[in-house]
Amino acid sequence: MDLADSAEEAAFRARLREWLGKALATLPPRPSPADWPGRRAFDLGWQRMLYDAGYGHVHWDAPPGVRLIFLEETEKAAAPYVGANFVGLLHAGPTVAAEGTEEQRARWLPPILRGEEVWCQGFSEPGAGSDLAALRTRAWRDGDHYVVSGSKIWTSHAEVANWCELLVRTDPEAPRHRGITWLALPMDAPGVTVRPLRTLAGSTEFAEVFLDEVRVPVGHRVGAENDGWRVTMVTLSFERGTAFAGEVVACRRVLGELAHEARHNGRWDDPALRRRLGGLNAEFRALWRLTQWNVSAAEASGGVPGLAGSVFKLRYSQARQDLYDTAAEVLGDAALDLDRPWVLDRLTSLSYTIAAGTSQIQRNIVGERILGLPKGR
C-alpha cells in the first residue's frame with residue numbers, strides 16, 4: 001500500500017495548513033471547561049468556520065486520504081477538535097447519512113455540518129451498560145407518535161444538545177435484539193429532564209436523562225421499527241472504527257511532549273522509562289496505520305466501518321491508559337497536581353476501556369465474529 005500523499009492530497013494539505021495558520025489566529029479565548037454553554041458556542045463556532053471554508057464535510061464524504069490529512073494537520077496546529085458536537089459529527093450524523101431517508105438527511109445533516117445543532121447519545125441505561133440489548137426504556141405507538149418513558153445514563157453532552165440518538169424498546173415480547181428501535185429525540189420535548197453527572201475529573205460532560213411519556217414523531221425513526229439493533233451496529237461501527245482517529249494523532253503529539261519533558265527533568269536517564277516511551281511510539285504508529293486501513297476499508301465498503309473497529313478500539317483504549325500512566329512516571333510527584341498537564345487526562349483515560357463498548361465486549365466481538373470462536377455459555 002502506498003501511504004505517501006498523492007499530488008491532489010499534497011495540494012489539499014498545503015491549502016489546509018495555510019488556512020489553519022490564518023484561521024486559528026482569529027479564534028476567541030477558549031472557555032472554561034466547566035462552562036458548557038460557552039464550550040458549545042466555541043465548538044460550534046469552529047465548525048461553522050470549517051464549513052464556510054469548505055472543510056465542514058471532511059468527516060463524512062471526503063476521500064480517506066483527505067480525511068486523515070485533515071486530522072493530522074488540525075491536530076498538529078492545535079486546532080479545536082469536534083468538542084461538544086462529537087456525537088453529531090462522528091456517529092449520529094454518519095448513521096443518518098447511511099440509514100436515514102432523504103428527508104431525514106436533508107433535515108439533520110446540514111445543521112450538524114454548519115455548526116447549528118448538537119447531538120447527544122442516549123444508549124446506556126442504569127441496568128443496561130455493557131449489556132446494551134438489555135435496555136428497558138419503553139416506546140409504544142400512538143398514532144403518528146411514539147410515547148417514550150424510561151431513563152438513560154452517561155448521556156454525552158445532554159445538557160447542551162438539541163437532539164439525542166435514542167434507543168428504545170418497541171416490542172417487549174420480541175427477542176432482546178429484535179425489539180429495539182433507533183429514534184431521534186428532540187431534547188426540548190415536554191417530559192425530558194436532564195441531570196448532569198460529575199466525573200472523577202470534575203467535569204460534567206455526561207448526564208442522566210429521564211423520559212416521562214415523551215412524544216416523538218414516527219418520522220424521527222431511523223430504520224424500521226424493531227430494526228434498531230442493526231442500525232445501532234452501524235452507529236457503533238462509526239464510534240469504534242473512525243471516531244477516535246483524531247485522538248490517535250493527539251496521543252502521538254503527547255508522546256513527543258512527554259519525551260521532551262523527560263529530557264528536561266532528568267527522567268530520561270531511566271532506561272526502563274525510555275523503553276516504555278519507545279514501545280508507545282511503536283504502538284501509536286501501528287494504531288495510526290490501522291486507522292488508515294479502517295478508513296480506507298470503510299470507503300471501499302460503502303462508508304460504514306467494519307469489525308476491525310473493535311480491534312482498534314480494544315487496543316487504543318489500553319494504549320491510551322498506558323500513555324498517561326507513563327506520563328505520571330515522567331511527572332513524578334507532580335502527577336498528583338491537577339493543574340499540571342496530563343494529570344486530568346490520566347483520570348479521563350480510565351474511562352476509555354468502558355466508553356463505546358467495554359474491552360470485554362470488544363474481545364467477545366473479535367473472538368466470535370473475527371476469529372470464529374464459539375460463543376460463551
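Position 1 is the first residue of the sequence, and the numbers go up from there. Atom set for the values below is all heavy atoms of this structure, side chains included, hydrogens, waters and symmetry mates excluded.
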Discussion item. For Glu125 and Thr137: C-alpha separation, side-chain torsions, deciding distance, then whether side chain to side chain donor-acceptor pair (under 3.5 Å) applies.
Written reply: CA-CA 8 Å; Glu125 297 184 5; Thr137 294; 2.7 Å; yes
Item to complete: Just do the side chain to side chain donor-acceptor pair (under 3.5 Å) check on Asp322 and Gln318 with the steps written out, would you?
Response: CA-CA 6 Å; Asp322 293 344; Gln318 188 59 55; 3.1 Å; yes
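Contact record, Glu208 with Ile153: CG-CG1, 4.0 Å, taken as the closest heavy-atom pair. Of all heavy-atom pairs spanning Ala259 and Leu277, the tightest one is CA-CD1, 4.3 Å. Taking both residues in full, the closest heavy atoms of Ala262 and Asn265 are given as O-OD1, 3.2 Å, listed atom of the first, atom of the second, then distance. Taking all atoms of both residues into account, the shortest heavy-atom contact from Arg105 to Gly100 is NH1-O, 2.5 Å. The minimum heavy-atom distance linking Arg40 with Ala84 is given by the pair CA-CB, 4.2 Å. Among all heavy-atom pairs drawn from Ser156 and Cys120, the shortest one is O-CB, 2.8 Å.
Annotation: His220 is not in aromatic contact with Tyr146 [ring centroid separation under 6.0 Å not met].
Defined by atom type and a distance below 3.5 Å, a donor-acceptor pair is present between the side-chain atoms of Glu117 and Trp163.
In this structure, Arg285 is not positioned above the aromatic face of Trp288 in the sense of NZ or CZ being under 6.0 Å from the six-membered ring centre and within 45° of the axis. Annotation: cation-pi pair Arg195/Phe210 present, NZ/CZ under 6.0 Å from the ring centroid and within 45° of its normal.
Annotation for Glu257: atom CD counts as buried by contact number, over 12 foreign heavy atoms lying within 6.0 Å. Counting non-hydrogen atoms of other residues, nucleotides and ligands closer than 6.0 Å to NE2 of His260 gives a total of 12 or fewer.
Classification of Arg48 and Asp52 as a salt-bridged pair holds, one side-chain N sitting under 4.0 Å from a carboxylate O. Look at Arg267 and Asp270 and you find no salt bridge, because none of the NZ, NE, NH1 or NH2 atoms lies under 4.0 Å from a carboxylate O. Salt-bridge annotation for Arg252 and Glu75: absent, with no side-chain N of the basic residue lying under 4.0 Å from a carboxylate O of the acidic one. Salt-bridge annotation for Glu73 and Arg13: present, with a side-chain N of the basic residue lying under 4.0 Å from a carboxylate O of the acidic one.
Using a 30° and 60° split on the angle between ring planes, Phe12 and Tyr55 fall in the perpendicular class, above 60°.
Taking 4.5 Å as the limit, some side-chain heavy atom of Leu27 sits within range of a side-chain heavy atom of Leu24. With a 4.5 Å cut-off on side-chain heavy atoms, Arg215 and Asp142 count as touching. Side chains of Leu323 and Leu280 form a contact here, defined as non-hydrogen atoms less than 4.5 Å apart. Two residues are said to be in side-chain contact when any heavy atoms from C-beta on lie closer than 4.5 Å; Phe123 and Glu165 meet this criterion. For the pair Val209/Leu166, no side-chain contact is recorded, criterion being any heavy-atom separation below 4.5 Å from C-beta on. Side-chain contact between Leu50 and Val58 is absent, with no heavy-atom pair separated by less than 4.5 Å. Put simply, the side chain of Asp325 reaches to within 4.5 Å of the side chain of Arg276, judged on heavy atoms.
Hydrophobic cluster membership differs between Val214 and Trp119, with clusters built from Ile, Leu, Val, Met, Phe, Trp and Tyr side chains linked at under 4.5 angstrom.
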